[in-house]
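Okay, structure first, notes after.
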Amino acid sequence: MLIISRVVSLGGIVAPRCTSLCVSHFSACHCLTSPKRRSPYSSVDSERYSSLLKSVMSARVSSQTPESLQAEDEHIYGPVVKAQAPSSAPRRREPRTLHPFLRSEETEETEESGPPVRISLNRGQGRSLVPSVTRILQQTLSPEQIFYLERWKRRMVAELGEEGFKEYSQNLFRQGKLFHSALEEILTAGDTKRNKSASETPEHPPEVRGYMESVSHVLEDISAVRAIESTVQHDTLNYLGIADCVARYRGVLCVIDWKTSEKPKPFLGNTYDNPIQVAAYAGALNNDDNYKYQVENGLIVVAYKDGSPAHAHQLNSELMLEYWNTWLIRLEEFTDPR
DNA sequence: GGATCCTTCTTCTTCTTC
């Protein structure tokens with residue numbers, strides 16, 4: 001009985017996500033490539049539950065009440081942070097103003113054999129007021145995303161302590177940065193060096209060797225690197241960012257985003273807002289006079305520390321347009337918050 | 001030289017059984 005009331009109360013938090021996700025922005029960024037999810041309760045094995053019930057009823061839980069369970073949770077994880085009421089307005093499917101993803105005028109094809117471009121960010125040139133892609137995505141997270149992120153953090157702090165969590169987070173960031181630096185070095189070096197086994201390059205710090213091994217099969221398919229860690233800015237829409245890489249992947253010119261992850265991310269839907277980030281960079285690059293070409297495709301590469309093969313998620317031009325529209329919605333939410 | 005910025009990553013139900 002008591003367990004049931006707990007399940008129900010959890011369901012009260014979880015259920016809105018299940019029903020509203022597909023009409024919120026999640027549908028645009030997550031459901032495009034993954035099959036529709038069924039209700040978590042639609043396949044309940046009633047027989048299993050009946051045995052669970054019996055065991056619960058006979059177990060020594062009689063001193064527990066929903067209130068004590070709630071108190072227990074609060075004791076372990078801290079006060080409950082409730083997700084915003086499910087009645088909150090679902091995200092729009094279309095931006096108020098459509099902006100083209102590609103430039104309308106012809107762009108010249110540039111030489112691909114030269115060294116990759118790297119336009120560094122210079123905030124001093126009237127860019128100080130231009131918001132970044134990361135900041136905009138961060139500040140327009142959905143209530144559901146905020147809820148799950150806060151819950152995750154609460155659990156981690158409960159497990160590791162404040163200091164431990166801080167150290168854990170810093171370590172994740174450090175690994176991500178080292179991984180990016182190692183890739184930058186390899187991709188700048190050109191095809192010859194890159195085609196050697198990435199794991200053989202001894203100059204990489206030990207912490208990134210697994211990640212480099214993980215992406216080695218992807219690097220084999222990368223050619224014609226045109227830009228690395230390069231600033232892209234959209235003057236009309238007023239935002240900027242730094243794209244990890246622009247190169248050909250299996251012959252197709254892509255904006256590439258490298259990611260490290262502790263959890264496997266075999267599906268595009270596992271990458272949360274990453275596709276929106278890539279579309280935002282591509283849209284900016286396509287409207288940035290510093291780049292004399294356009295990019296219609298994207299690639300998100302998720303690397304793993306244990307060296308297991310990275311997942312490479314390709315975003316074709318159709319998908320990029322979908323995420324471009326999602327980006328425009330997020331940008332509007334950032335620019336004129338309701 | 002110091003301050004600030006961009007980016008780095010974190011979310012998706014949860015348990016038992018084989």
Side-chain angles (χ1 to χ4, degrees), chain A residues 3 6-18 20-22 24 26-27 29-31 34 37-45 47-49 51-52 55-56 81 83 119-125 127-138 141-157 159-160 165-184 207-208 211 229-233 239-245 257-274 277 280-281 284 302-303 305:
Chain A
I3 293 285
R6 185 165 215 210
V7 169
V8 169
S9 73
L10 280 173
I13 297 172
V14 173
R17 187 182 57 80
C18 301
S20 64
L21 278 190
C22 288
S24 71
F26 270 71
S27 62
C29 65
H30 295 154
C31 302
S34 55
R37 287 188 193 146
R38 290 186 305 166
S39 156
Y41 304 113
S42 65
S43 57
V44 166
D45 183 341
E47 202 172 314
R48 184 202 278 178
Y49 269 114
S51 66
L52 171 69
S55 76
V56 165
V81 180
I119 300 172
S120 55
L121 177 65
N122 190 345
R123 281 295 204 175
Q125 298 172 345
R127 280 172 160 172
S128 57
L129 296 174
V130 182
S132 72
V133 171
T134 306
R135 199 173 118 210
I136 292 163
L137 288 176
Q138 194 67 38
L141 289 169
S142 70
E144 286 87 355
Q145 284 175 297
I146 293 169
F147 169 76
Y148 285 112
L149 284 166
E150 285 182 348
R151 189 181 68 163
W152 169 80
K153 186 184 171 187
R154 207 164 57 240
R155 288 176 169 177
M156 292 299 283
V157 169
E159 194 181 319
L160 306 173
F165 176 71
K166 196 176 163 188
E167 201 175 310
Y168 167 79
S169 304
Q170 284 173 343
N171 193 42
L172 283 184
F173 284 156
R174 196 167 54 87
Q175 286 181 21
K177 286 175 182 173
L178 286 171
F179 174 57
H180 276 75
S181 301
L183 281 168
E184 195 180 325
E207 297 137 290
V208 299
Y211 291 119
E229 297 287 333
S230 203
T231 302
V232 292
Q233 178 161 354
Y239 72 87
L240 58 74
I242 299 173
D244 279 352
C245 182
D257 209 45
W258 311 101
K259 300 288 180 191
T260 59
S261 177
E262 298 207 308
K263 283 188 187 175
K265 290 179 176 165
F267 304 110
L268 184 61
N270 300 130
T271 66
Y272 298 96
D273 287 345
N274 293 167
Q277 185 186 8
Y281 290 152
V302 186
K305 193 174 190 175

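Naming: A, B, ... by sequence-line order, numbering from 1 per chain. Because only heavy atoms are used, hydrogens play no part in the values below, and waters and symmetry mates are left out as well, while side chains stay in.
Here Tyr148(A) does not pack flat against the base of dT11(B), since the 5.5 angstrom centre distance and 30 degree tilt limits are not both met.
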Candidate pair Tyr239(A) and Gln233(A), rule side chain to side chain donor-acceptor pair (under 3.5 Å), full reasoning: CA-CA 6 Å; Tyr239(A) 72 87; Gln233(A) 178 161 354; over 6 Å; no

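Of the charged side-chain nitrogens involved, at least one lies within less than 4.0 Å of a carboxylate oxygen, so that Glu207(A) and Arg174(A) count as a salt-bridged pair.
Counting only heavy atoms from C-beta on, Gln145(A) has its side chain closest to dT11(B) among dT10(B), dT8(B), dT11(B). Here the side chain of Arg155(A) is nearest to one of dT7(B), dT14(B), dT10(B), namely dT14(B). Listed candidates were dT10(B), dT7(B), dT8(B). Nearest to the side chain of Tyr281(A) is dT7(B). The nucleotide whose nearest atom lies closest to any side-chain atom of Thr260(A) is, among dC9(B), dT11(B), dT10(B), dC9(B).
Taking atom CZ on Arg135(A) and atom P on dC9(B), their separation rounds to 20 Å, with Å as the unit. For the pair Lys177(A) NZ and dT10(B) C1', the interatomic distance rounds to 15 Å; values are reported in whole Å. One interatomic measurement links the two molecules: CZ of Arg154(A) to C1' of dT10(B), which rounds to 14 Å at whole-angstrom precision. Spacing between atom CD1 of Ile146(A) and atom P of dC9(B) amounts to 20 Å, rounded to whole angstrom units. For the pair Leu183(A) CG and dT8(B) P, the interatomic distance rounds to 12 Å; values are reported in whole Å. Between Leu121(A) atom CG and dT8(B) atom P the separation is 13 Å, expressed in whole Å. Gln170(A) has its CD atom 17 Å from the P atom of dT8(B), to the nearest Å. Rounded to an integer number of Å, the gap from Leu240(A) CG to dT4(B) C1' is 13 Å.
Panel note: side chain Thr260(A), backbone Ala303(A); no donor-acceptor pair is recorded below 3.5 Å. In terms of modelled atom types and a separation under 3.5 Å, the side chain of His180(A) and the main chain of Asp244(A) share no donor-acceptor contact.
The two atoms that bring Ala182(A) and Val208(A) nearest to each other are CB-CG2, 4.2 Å, heavy atoms only. The shortest non-hydrogen separation linking Pro266(A) to Asn270(A) is CD-OD1, 3.2 Å.
Side-chain nitrogen and oxygen atoms of Lys259(A) include at least one within less than 4.0 Å of the OP1 or OP2 phosphate oxygen of dT8(B). Residue Lys265(A) places no side-chain N or O under 4.0 Å from the OP1 or OP2 atom of dC9(B). Side-chain nitrogen and oxygen atoms of Ser261(A) include none within less than 4.0 Å of the OP1 or OP2 phosphate oxygen of dC9(B).
At the heavy-atom level, Ser169(A) lies nowhere under 4.0 Å from the strands shown. Backbone-only engagement by Lys263(A) is indicated by non-hydrogen atom pairs under 4.0 Å involving sugar-phosphate atoms exclusively. Among the heavy atoms of the strands lying under 4.0 Å from Leu149(A) is at least one base atom, whether or not backbone atoms are also near. Residue contacts for Glu262(A): at a heavy-atom cut-off of 4.0 Å it reaches the sugar-phosphate backbone alone, with no base atom in range. Among the heavy atoms of the strands lying under 4.0 Å from Gln277(A) are primed sugar atoms or P, OP1, OP2 only; no base atom is included.
Where Thr134(A) and Tyr168(A) meet DNA chain B, the nucleotide closest to each residue was compared, and Thr134(A) sits on the side nearer the 5' end.
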